[in-house]
Undergrad: 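The structure that follows is given in the form of structure tokens.
Below, chains carry the letters A, B, ... as their sequence lines are ordered, and counting in each starts from 1.
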There are 2 protein chains.
Amino acid sequence: MPRRDELLGIAAGLFAEKGFKNTTVRDIAEASGILSGSLYHHFDSKESMVDEILSSFQEQLFADYDAVLKSDADARTKIEQAVRLSFRAIHEHRYEVAIFQNEADYLGGFDRFAYLAERNAQSRDVWITLLTEGVKSGALRADLDIELTYRFIRDTVWVAVRWYRPGGSLSHEDVADQYLRILLDGISTSSITEGGTRA
Amino acid sequence: MPRRDELLGIAAGLFAEKGFKNTTVRDIAEASGILSGSLYHHFDSKESMVDEILSSFQEQLFADYDAVLKSDADARTKIEQAVRLSFRAIHEHRYEVAIFQNEADYLGGFDRFAYLAERNAQSRDVWITLLTEGVKSGALRADLDIELTYRFIRDTVWVAVRWYRPGGSLSHEDVADQYLRILLDGISTSSITEGGTRA
DNA sequence: GTCTATACGAAGATAGAC
DNA sequence: GTCTATCTTCGTATAGAC
């Protein structure tokens, strides 16, 4: 692995654990076994490091979403796929996901990170499309508040990065299964609706 | 309102919006219309400010949880009450909730904020108890992974502080209703279980 | 590619006048 | 209760030697 990538990986771990602002350039250098000045041989600034970490991750993630969106599976399958790929992303890129979750609000305020907001909007489009399809096709309840459901799914999925650990008792596939089960069917044995389709 | 509380409120807003570390003592002073040195007449440090904000909020919140836990309602009702009071807390104390959500991990590392971890454990106890009761009483599916379900609920509820705004199109009661509906019944019109109780 | 040395600014905090 | 002035430490970043 090129030195540059190695350093980025170390930085990502620290940013994810302690936060961007709470991680000093000296911390990153020390964790890498070099001195802070030496980092500037590889990067122009601490900001450039997060930038590279986040942008390369996002690019990959959205390529995956696009593939799901464009597939010809039915609405419900697409939703399941989108959820599963999100948990896979948490598994494979947990530092990147954590940094995005924790810092996007703050970083998004700078011009340089305007793409974060764009990606967010893009992700919303994907989900709103999938959910709308789902309701139209009859796979999802017709009385759903699509916007709220989108937020619910988005939050539910990504927030798992706070506790998910690769190598724990549940694999990312297991977690995705359980989450989907709750999301699709709920935790209750009986419905609270009056006049729902199931009761 | 005593000056002290007024200043705490202003600080809370800034901490919630920009993060603890990203908010400078000078920011707080400026937003309060005074100079940074003057803040130290009221507080010994920036840390003391978050400390006071978080600890007083937590005390109140846990009193509410305890009341639910000790009530003699059935398991399902208690779960609903616990969810509703959480959304009410988001409504009434959104800065405090946001700060806790964003900074607990980092702050929890300091001795002074050890109580945050204790409160977290306490909250877990409440939910595990409620969910276990729920399964035992037959109100919740017997095949639930209690630990995972706890995390799911905790995350789902509190993360709403990221987008909920008082005065928006949905009241906190509306949001709680919709969340409970999804949590309890899911978003689907038909079950994905094979051998579930409903299918 | 890393080190030494250091500049520069920002941030938390203090002392004493008003 | 706030201001003026200031100290100190820390963090980002740079320059040039090795």
Undergrad: More than 12 heavy atoms of other residues, nucleotides or ligands under 6.0 Å from CD of A:E30: yes or no?
TA: no
Undergrad: Heavy atoms from C-beta onward define the side chain here; which of D:dT4, D:dG1, C:dT4 lies closest to that of B:H42?
TA: D:dG1
Undergrad: Are A:F15 and A:K46 packed together at the side-chain level, in the sense that at least one heavy-atom pair is separated by less than 4.5 angstrom?
TA: yes
Undergrad: Please give, in whole Å, the distance from D:dA13 C1' to A:I28 CD1?
TA: 13 Å
Undergrad: Only pairs at least two apart or in different chains count here, so list each side-chain hydrogen bond (donor to acceptor under 3.5 Å, both in side chains) that has a residue in residues 164-176 of chain B.
TA: B:H91-B:Y164, B:S171-B:E173, B:S171-B:D174
Undergrad: Side-chain N or O of A:R4 less than 4.0 angstrom from OP1 or OP2 on C:dG1?
TA: no
Undergrad: If you count the non-hydrogen atoms of other residues, nucleotides and ligands that lie under 6.0 Å from CD in B:E59, is the total more than 12?
TA: no
Undergrad: Regarding B:T24 and B:D27, do their side chains bring together a donor and an acceptor under 3.5 Å, going by distance alone?
TA: yes
Undergrad: Students often get this wrong, so: under 4.0 angstrom with heavy atoms, is B:I34 touching a base, only sugar-phosphate, or nothing?
TA: sugar-phosphate
Undergrad: State which residue, out of B:D143, B:D145, B:L144, fulfils the side-chain contact (heavy atoms from CB on, under 4.5 Å) condition with A:Q178.
TA: B:D145
Undergrad: Between C:dT2 atom C1' and A:L35 atom CG, what is the distance in whole Å?
TA: 8 Å
Undergrad: Between A:E52 and A:R4, is any pair of side-chain heavy atoms under 4.5 Å apart?
TA: yes
Undergrad: Atom CG of B:L7 to atom P of D:dT2: distance rounded to whole Å?
TA: 7 Å
Undergrad: Is there a donor in the side chain of A:D51 and an acceptor in the side chain of A:Y115, or the other way round, less than 3.5 Å apart?
TA: yes
Undergrad: Can you tell me how far C1' of D:dG11 sits from CG of A:L14, to the nearest Å?
TA: 15 Å
Undergrad: Check the distance between C:dA10's C1' and B:K18's NZ and give it to me in whole angstrom.
TA: 13 Å
Undergrad: Produce a footprint string for nucleotides 11-18 of chain C: one letter per nucleotide, 5' end first; B if the base is under 4.0 Å from any protein heavy atom, S if only the sugar-phosphate is, - if neither.
TA: BBBB----
Undergrad: Centre-to-centre under 6.0 Å for B:F100 and B:F57, is that the case here?
TA: no
Undergrad: OP1 or OP2 of C:dC3 versus the side-chain N and O atoms of A:H41: is any pair under 4.0 Å?
TA: no
Undergrad: For DNA chain D, what dot-bracket results from Watson-Crick or G-U pairs at under 3.5 Å, with [ ] for crossers and | for inter-strand partners?
TA: ||||||||||||||||||
